Structures are given as C-alpha cells and as structure tokens.
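The structure appears below as structure tokens.
The structure displayed is predicted, hence computed values, not measured ones.
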Amino acid sequence: MYLARLHAAKDENVKIGFIGLGNVGGKLAGSLLRNGRDLTVLDLDPDRVADFVARGAKASDDASDLMQGCDIVITCLPSPAASAAVVGQMLEHVRPGKIWLEMSTTDEAEVKRLGAEVIARGGAAVDCPVSGGCHRADTGNISIFAGCDRATFERVLPLLTTMGRRVLHTGPLGSASVLKVMTNYLATANLLTCCEALVTMKAAGLDLATTYEAIKISSGTSFVHETESQVILNGSRDISFTMDLVKKDIGLFQAIADRAGVPLEISPLMVEIFNDGIARYGDRAQSDDIIRRLEEATGLDITAPGFPAEMVDDEPEEPGYEVVPRGRS
C-alpha cells in the first residue's frame, strides 16, 4: 500500500477530470485518486471507468461536461487526433481559471494549436508528458516534463508532484512534447541495441544472465537495459507499450529532424525496423517483441530463468519536486 503525499500548496477543492485510462493514464489517474484528489474520469472502456468509480472517483460520459464541471482536465490519449477530438468537445466550456493538461505523447505543432485555442478562451494549457515506464507511473515516481509559462507551471506544480517525482519546467508550450519525443527516440535506440547485444552474446556462447549483469554494471548500461532487458529475458516481453506507439513516437522525432534540416542516419533505420516488426507481429504487439526478428533470423531463444514477467517499481512513493536545470536559480 502506497503512502499518500502531503502537499502544503495543494488545494483540496480543485476538481480534476482525467480522460484516457490506458496503460499510462490509468496509473497517473490512480496516483491522483490514491492521494485524495477530487477526480472524475472518462474513458471509452466502461470497465476501466467502473474500476475507478469503485475506488471513489466519479464518472463522466462526455468531455464537454467534464470541462464544464472541473477546474483542470487532463488528457492522456494514444494519438494527436484523439486529443484534438476531445479538446474540440471541451472548448465551449473553457473560461478563465480552467486548465488543460496534455499528458499524451504528441506532436509539438498540434499541442500548440490546441493550446492556443484554450488560451484564446481565457484558459491555460500545459503539455506535460511523462517518462520512466508504466511501473513508475503506477507508484507516482515517474518523471514529468511541463511546457507552459512560468505562472501556469507554478499553479499546476502541486498536481504534477502528486503524479510524478521529478518535474521539469521545459519552457513554453510545446517544448515538453519535443523533449518527450526525443527521450522516446533514445529509449527505442537503446532497446534495439540491447536486442542486438543479447542475441549476439547468445550466439557467441555467453550465458544470458551473466550477460545481463555485465551490461548492468558497465558503461553500456541504461534505464532501458535495466528494465526492458529483464522482461525480454523472461519471455513475456510485456512492457505495457506497443509497436504502433513506438512507430508514432520515433516518427514524430524524425519529423522534428526533418523540419530542422538534420540529416539523421540511425532514425530512418529504426523506423524501417519497426515497420517490419508491425508487418510481422501486428500493431498491438509489445514493443519488446521486436527481438523476435533476430530470434527468427538466428533460431536462438533469448530467454533465461530468474527474470520478472513485468516491471514493478520497488521504490517507495515519495513527494515530488521540481528539477531545476543547471545555471538557473
């Protein structure tokens, strides 16, 4: 059982709406509920909504009504198009004092466009995607980027520190989405190199459990290795993130590079690899199933005993705080 957080700046009367109770959104909303926030939820899956209602949340059937009845509405949805549809429904009830938080991984231009519409009606907008894995979202220990003006950031910081441990103000609206896409690109590159390393070591006759530890204690380690390599070696490959979402995210990163005129070399290859993975295993295959391409090519089984089927955050829930970049007061 997690310990609830105490926030001196928290206004207990703030009504929060949360739209999108998927792998990440459901866990972020769970942190709000666990910490005593007044929460109303909306999702296309009635079973997810029923679960939250059973734990004390209220339910809404309509995004427009949710914005009308709440002070802050959070969206955590699978695509920019889904967010656009929802925000379009909410706009008629945006007025001064209302805040929209976009926690989806989305396109910078789209979040700026939608945010401008919210701001034009007197509301405030923040793009605040998360990073660190579903297991850390579940415990409130995930990291959160926040793009908005400083005054708005200070208004929402107590809420963000309820959902995450490390909160970084990244600059104006849209900046958080650019940085989030970058981090997902790096995570995907890490995943692909971990897959190649594990398969190559197995082919070379090395023990995979020993290989895992060698990487972990070396300069070659990474967050992705220490988490995703474990569920790869277990064989479950269940990281609660699917290939279609990887393709979306690395495609968004490639689009940023294209707009900036940066001639990337590794990124297009990564897009090609995941296009092939989707063609073989389907859009909704777990992202870590990408290692199957190499297993099939080599005939090797990249599993080992003693590794978990899913990641669980064993760190205690702790109060969140703002991360201040170097050189800033």
Using the rule that two of Ile, Leu, Val, Met, Phe, Trp, Tyr join whenever any of their side-chain heavy atoms come within less than 4.5 Å, decide whether Phe223 and Tyr212 are in one cluster.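 Per the 4.5 Å side-chain linkage, Phe223 and Tyr212 are not co-clustered.
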Find out if a path of hydrophobic residues (ILVMFWY) with successive side-chain heavy-atom gaps under 4.5 Å connects Leu33 to Val49.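 Yes, Leu33 connects to Val49 through the hydrophobic network.
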To the nearest 0.5 Å, tell me how far [X] [atom1] sits from [Y] [atom2].
X	Y	atom1	atom2	answer
Thr227	Ile239	OG1	CD1	5.0 Å
Asp138	Glu317	CG	CD	9.5 Å
Ile72	Lys15	CD1	NZ	12.5 Å
Gln230	His225	CD	NE2	8.0 Å
Lys180	Asp249	NZ	CG	6.5 Å
Thr211	Leu233	OG1	CG	8.5 Å

Passing candidate, side chain to side chain contact (heavy atoms under 4.5 Å, CB included) with Phe241, options Asp238, Asp244, Leu245: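 Passing option: Leu245.
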Are more than 12 heavy atoms from other residues, nucleotides or ligands located less than 6.0 Å from atom [atom1] of [X]?
X	atom1	value
Arg280	CZ	yes
Leu44	CG	no
Leu206	CG	yes

Test log, rule side chain to side chain donor-acceptor pair (under 3.5 Å), inputs Arg165 and Asn141: CA-CA 5 Å; Arg165 181 183 294 188; Asn141 287 327; 3.0 Å; yes
Looking at [Y], is its backbone amide N or carbonyl O close enough to the side chain of [X] to form a donor-acceptor pair, meaning the two atoms are under 3.5 Å apart?
X	Y	answer
Lys248	Thr105	yes
Thr161	Pro158	yes
Ser104	Leu77	yes
Asn23	Ser240	yes
Thr170	Phe145	no
Asp43	Leu21	yes
Tyr281	Arg293	yes
Ser229	Glu226	no

Least distance between heavy atoms, Leu160 atom then Cys128 atom: CD2-SG, 4.2 Å
Over all atoms of both residues, closest heavy-atom pair of Lys98 and Gly69: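 For Lys98 versus Gly69, the nearest heavy atoms are NZ-N, 4.3 Å.
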Not counting sequence neighbours, which residues clear salt bridge (charged side-chain N to carboxylate O under 4.0 Å, His left out) with Glu228? List them please. none
Under 3.5 Å, is there a donor-acceptor pair between the Ser64 and Glu92 side chains? yes
Hydrogens and angles aside, do Glu102 and Ser83 bring a side-chain donor and acceptor to less than 3.5 Å of each other? yes
Keeping to residues at least two apart or across chains, list the salt bridge (Lys or Arg N to Asp or Glu O under 4.0 Å) pairs with something in residues 57-66. Asp38-Lys58
What about Phe18 and Phe52, are their ring centers closer than 6.0 Å?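 Distance test on ring centres: not under 6.0 Å, no.
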One thing to verify: whether Arg292 and Glu295 come together as a salt bridge, which I'm taking to mean a side-chain N less than 4.0 angstrom from a carboxylate O.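 No, Glu295 and Arg292 are not salt-bridged.
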Arg150 NZ/CZ over Phe153 ring centroid, <6.0 Å and within 45° of normal: no
Step by step, work out the side chain to side chain contact (heavy atoms under 4.5 Å, CB included) result for Met270 and Gln254. CA-CA 10 Å; Met270 289 165 51; Gln254 181 63 53; over 6 Å; no
